[in-house]
S.K.: 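Have a look at this one before I ask anything.
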Amino acid sequence: MAGNIFLIGLMGAGKTTHGKQLAALLQHDFIDSDQLICQRTGVSIPTIFELEGEGGFRKREAAVIDELTRRHPIILATGGGAVLSPDNRRCLHTRGTVIYLHATPEILYRRISCDKNRPLLQVNDPLAKLQQLYQQRDPLYRETAHLVFNIPAQHSCPQITKQLLHLIQQHSRDTL
């Protein structure tokens, strides 16, 4: 199967986990845009936020998204906020198949509540922050995505990856 697959969704939805598994199954390269930014800068995302603010991070992210969406064939896991930029949304939507890994804020909170590498969640009420991000970003994810995949509350990673693969294969057949 040829073509790029771009995974979008809120933090904790499983973009990196499922992206790696899909890449192995499809024999595509896997890239996580946030991890690439960290490799190139030599610091963590929280450090970039601390030194450059969210705006500085978003500029770096836009450059990486533009670069990566031009490669073929890849599976790309984007950062949760990548869809905030209209240019990022355009690059993603026009250069590959975009899958929105959708999960409720409550499911995501259970998954990532102890993760200190999430600078936007270092607040007094992280669940409320996730709910706010969901309200803001869900319409952008849906606008950008070709496919929406609902992540169940109880799941097995291999089972979800198989379901994603089936969804991608069905979409490929439907678009031929």
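All heavy atoms count here, side chains included; hydrogens, waters and symmetry mates do not. Source: prediction; values computed, not measured.
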S.K.: What pairs with Tyr134 under ring pair (Phe, Tyr, Trp, His ring centres under 6.0 Å), at least two apart in sequence or on another chain?
M.R.: His102
S.K.: Which heavy atom of Gln131 sits nearest to which heavy atom of Pro105, and what is that distance?
M.R.: CG-CB, 3.7 Å
S.K.: Under the side-chain contact (heavy atoms from CB on, under 4.5 Å) test, which residues partner Lys162, sequence neighbours left out?
M.R.: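 Scan of Lys162 (side-chain contact (heavy atoms from CB on, under 4.5 Å), adjacent residues dropped) gives none.
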S.K.: Below 30° counts as parallel, above 60° as perpendicular, anything between as tilted: where do the rings of His146 and His93 land?
M.R.: parallel
S.K.: Going by the rule side-chain contact (heavy atoms from CB on, under 4.5 Å), which residues pair with Thr41 if we only count those two or more places apart in sequence or in a different chain?
M.R.: Ile37, Val43, Ile48, Arg60
S.K.: For a quick test of reading the model, state the closest non-hydrogen atom pair linking Lys15 to Phe30 and the distance between them.
M.R.: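 Closest heavy-atom pair between Lys15 and Phe30: O-CE1, 4.3 Å.
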S.K.: What closest approach, in Å, do Ile160 and Pro152 show between heavy atoms, and which atom pair accounts for it?
M.R.: CD1-CD, 3.8 Å
S.K.: Identify the two heavy atoms, one from Phe149 and one from Leu164, that lie closest to each other, and give their separation to 0.1 Å.
M.R.: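 Of all heavy-atom pairs spanning Phe149 and Leu164, the closest is CG-CD2, 3.6 Å.
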S.K.: Is it the case that the side chain of Asp66 and the backbone of Cys91 share a donor-acceptor pair, with hydrogens and angles ignored and the cut-off at 3.5 Å?
M.R.: no
S.K.: Does some side-chain heavy atom of Gln136 sit less than 4.5 Å from a side-chain heavy atom of Leu84?
M.R.: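 In contact.
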S.K.: Got Glu61 and Asp34 here, is their nearest side-chain heavy-atom distance under 4.5 Å?
M.R.: yes
S.K.: So His28 and His72, side-chain contact (heavy atoms from CB on, under 4.5 Å) or not? Walk me through it.
M.R.: CA-CA 8 Å; His28 284 25; His72 292 281; over 6 Å; no
S.K.: Any side-chain heavy-atom pair from Phe6 and Ile65 closer than 4.5 angstrom?
M.R.: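 No, their side chains stay 4.5 Å or more apart.
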S.K.: Quick one: pull up CD1 in Ile31 and CD1 in Ile74 and give me the separation to the nearest 0.5 Å.
M.R.: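 Between Ile31 CD1 and Ile74 CD1, I get 4.5 Å after rounding to 0.5 Å.
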S.K.: Look at the side-chain heavy atoms of Ile, Leu, Val, Met, Phe, Trp and Tyr, link any pair under 4.5 Å apart, and say whether Ile107 and Leu7 land in one connected group.
M.R.: no
S.K.: Taking only residues two or more places apart in sequence or in another chain, which ones pass side-chain contact (heavy atoms from CB on, under 4.5 Å) with Gln170?
M.R.: Arg173, Asp174
S.K.: Report the C-alpha distance between Leu147 and Thr97 in whole Å, list the side-chain angles of each, state the deciding distance to 0.1 Å, and finish with yes or no for side-chain contact (heavy atoms from CB on, under 4.5 Å).
M.R.: CA-CA 8 Å; Leu147 303 165; Thr97 300; 4.1 Å; yes
S.K.: List the residues meeting ring pair (Phe, Tyr, Trp, His ring centres under 6.0 Å) with Phe57, not counting sequence neighbours, and say none if there are none.
M.R.: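 By the ring pair (Phe, Tyr, Trp, His ring centres under 6.0 Å) rule, Phe57 matches Phe49.
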S.K.: Is any side-chain heavy atom of His18 closer than 4.5 Å to one of Ile99?
M.R.: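 They are not in side-chain contact.
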S.K.: Does the distance from a Lys or Arg side-chain N to an Asp or Glu carboxylate O, for Lys129 and Asp125, drop under 4.0 Å?
M.R.: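 No, no charged N to carboxylate O under 4.0 Å.
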S.K.: Return the set of residues passing side-chain contact (heavy atoms from CB on, under 4.5 Å) with Ser85 (not counting sequence neighbours), or none when no residue passes.
M.R.: Asp87, Asn88
S.K.: To the closest 0.5 Å, what do you measure between CG (Leu76) and CG (Asp29)?
M.R.: 11.5 Å
S.K.: How many angstroms lie between atom CD1 of Ile45 and atom CD of Gln35, to the nearest 0.5 angstrom?
M.R.: 8.5 Å
S.K.: Is the closest side-chain heavy-atom distance between Val98 and Ile8 below 4.5 Å?
M.R.: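 Val98 vs Ile8: side chains touch.
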S.K.: Indicate the atoms forming the closest heavy-atom contact of Gly3 with Pro73, along with that distance.
M.R.: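 Scanning both residues, the minimum pair turns out to be O-CB, 3.9 Å.
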S.K.: For the atom pair CZ (Arg137) and CG (Leu10), what is the distance rounded to the nearest 0.5 Å?
M.R.: 6.0 Å
S.K.: Establish whether Val148 and Leu92 are linked, either directly or via other cluster members, by ILVMFWY side-chain heavy-atom contacts under 4.5 Å.
M.R.: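 Shared cluster, yes.
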S.K.: Distance from Thr47 atom OG1 to Glu52 atom CD, nearest 0.5 Å?
M.R.: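 Nearest 0.5 Å value for the OG1-CD distance: 10.5 Å.
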S.K.: Measure the CD-CG distance between Gln39 and Asp32 for me, rounded to the nearest 0.5 Å.
M.R.: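 If we round to the nearest 0.5 Å, Gln39:CD and Asp32:CG are 9.0 Å apart.
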S.K.: For residues Ala145 and Tyr100, report the shortest heavy-atom separation together with the two atoms involved.
M.R.: CB-CB, 3.7 Å
